[in-house]
Enquirer: 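Below is a structure I'd like to ask you about.
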Amino acid sequence: SQQGEEDPQALSIQEGENATMNCSYKTSINNLQWYRQNSGRGLVHLILIRSNEREKHSGRLRVTLDTSKKSSSLLITASRAADTASYFCATDERTDKLIFGTGTRLQVFP
Amino acid sequence: EPEVTQTPSHQVTQMGQEVILRCVPISNHLYFYWYRQILGQKVEFLVSFYNNEISEKSEIFDDQFSVERPDGSNFTLKIRSTKLEDSAMYFCASTGQGKYGYTFGSGTRLTVV
């Protein structure tokens with residue numbers, strides 16, 4: 001797989017359920033970030049986890065990072081219809097640029 | 001909350017024409033970027049800019065592309081002679097000294113006809 005590949009590609013859940021998205025990458029990184037994109041709109045930074053961190057929380061978001069497996073997960077708890085969006089992981093590959101994954105399209109039904 | 005502002009939100013241009021996409025990064029940020037997203041595809045890095053010069057650029061960023069920070073606030077991307085395949089959403093981003101998360105603008109949708 002390419003740097004920053006998310007799975008699943010699409011996820012549909014009911015409001016109140018938890019949503020888990022996974023990201024895998026190939027090279028060494030300084031940090032990994034998760035972004036959200038509403039359809040046709042800009043990218044919103046959600047959370048950054050550094051390579052020496054294993055878990056981070058921000059509100060209803062929980063991110064884990066396993067550098068030995070080169071993978072990360074984003075958990076959204078108690079999802080809401082407003083969480084409907086595409087979610088992307090992005091890694092820095094220890095350079096001055098972000099490499100984005102293909103994204104997970106999350107649909108939360110009321 | 002500080003924002004990165006991009007104008008215009010949508011630009012339609014004839015093939016072969018020059019376009020300039022404009023961005024106003026967050027005022028105390030030091031690093032500036034352009035990314036693009038072709039419809040349905042990944043967000044791709046184009047170029048990074050620091051201390052008034054390009055620090056890194058991708059293969060996409062060929063001689064048709066240029067960036068400028070003319071007045072200390074605006075950050076522009078110029079495409080000299082647009083091609084159909086340049087149609088995409090172009091995002092400007094900026095970040096501060098620690099590069100702790102990037103702030104992206106809402107994007108400019110460029111349509112080349």
Side-chain angles (χ1 to χ4, degrees), chain A residues 1-7 9-10 21 23-27 29-53 56-59 61 63 65 72 74 85-105, chain B residues 1-7 9-10 21 23-26 29-51 53-61 88-111:
Chain A
S1 62
Q2 297 178 26
Q3 185 84 345
E5 289 291 311
E6 290 94 336
D7 81 88
Q9 290 187 332
M21 289 159 265
C23 166
S24 61
Y25 59 92
K26 285 197 159 185
T27 63
I29 60 172
N30 289 323
N31 58 64
L32 184 144
Q33 305 178 44
W34 284 91
Y35 287 83
R36 164 198 167 117
Q37 185 181 35
N38 285 62
S39 181
R41 305 294 296 277
L43 295 155
V44 176
H45 178 254
L46 295 176
I47 197 165
L48 179 150
I49 186 164
R50 297 197 187 282
S51 59
N52 61 355
E53 296 175 310
K56 205 155 184 186
H57 297 254
S58 176
L61 305 180
V63 168
L65 179 64
S72 173
L74 170 67
S86 290
Y87 292 82
F88 297 90
C89 70
T91 53
D92 63 356
E93 244 183 23
R94 295 195 175 177
T95 65
D96 193 28
K97 62 186 180 189
L98 293 179
I99 307 296
F100 282 82
T102 49
T104 293
R105 290 188 312 280
Chain B
E1 190 166 328
E3 288 183 342
V4 172
T5 305
Q6 288 187 243
T7 54
S9 56
H10 191 188
L21 309 184
C23 169
V24 179
I26 292 174
H29 280 182
L30 301 173
Y31 301 87
F32 313 106
Y33 307 84
W34 284 99
Y35 287 80
R36 80 172 187 191
Q37 185 181 31
I38 294 171
L39 187 64
Q41 297 187 24
K42 290 186 182 186
V43 176
E44 301 172 291
F45 168 79
L46 291 178
V47 66
S48 59
F49 192 86
Y50 171 71
N51 204 25
E53 60 183 29
I54 290 173
S55 48
E56 191 168 351
K57 60 183 181 180
S58 72
E59 290 176 356
I60 302 167
F61 195 89
M89 188 77 120
Y90 288 81
F91 293 106
C92 172
S94 67
T95 191
Q97 183 64 40
K99 295 185 182 178
Y100 195 82
Y102 296 68
T103 303
F104 280 79
S106 299
T108 292
R109 182 171 299 284
L110 176 66
T111 303

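Labels below follow one simple rule: chain letters A, B, ... track the order of the sequence lines, proteins then strands, and each chain is numbered from 1. Atom set for the values below is all heavy atoms of this structure, side chains included, hydrogens, waters and symmetry mates excluded.
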Enquirer: Given a strict heavy-atom distance threshold of 4.5 Å, which part of Y50(B) is in contact with chain A: side chain, backbone, both, or neither?
Expert: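 Neither part.
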Enquirer: Is the Y35(B) ring parallel, tilted or perpendicular to the Y33(B) ring (thresholds 30°, 60°)?
Expert: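 Tilted, since the angle between the ring planes falls between 30° and 60°.
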Enquirer: Between G40(B), G105(B), S48(B), which residue shows the highest count of heavy-atom pairs closer than 4.5 Å to chain A?
Expert: S48(B)
Enquirer: Not counting sequence neighbours, which residues clear salt bridge (Lys or Arg N to Asp or Glu O under 4.0 Å) with K97(A)? List them please.
Expert: E56(B)
Enquirer: Could you check which of V43(B), T95(B), V47(B) has the highest count of heavy-atom pairs closer than 4.5 Å to chain A?
Expert: V43(B)
Enquirer: Using a 6.0 Å cut-off, check whether atom CD of E53(A) has over 12 heavy atoms from anything other than its own residue.
Expert: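 Atom CD in E53(A) is packed in, count exceeds 12.
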Enquirer: Where does Q37(B) contact chain A at under 4.5 Å (heavy atoms): side chain, backbone, both or neither?
Expert: side chain
Enquirer: Residues two or more places apart in sequence or in another chain: which of them pass ring-ring contact (aromatic ring centres under 6.0 Å, His included) with F91(B)?
Expert: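 F91(B) satisfies ring-ring contact (aromatic ring centres under 6.0 Å, His included) with no residue once adjacent residues are dropped.
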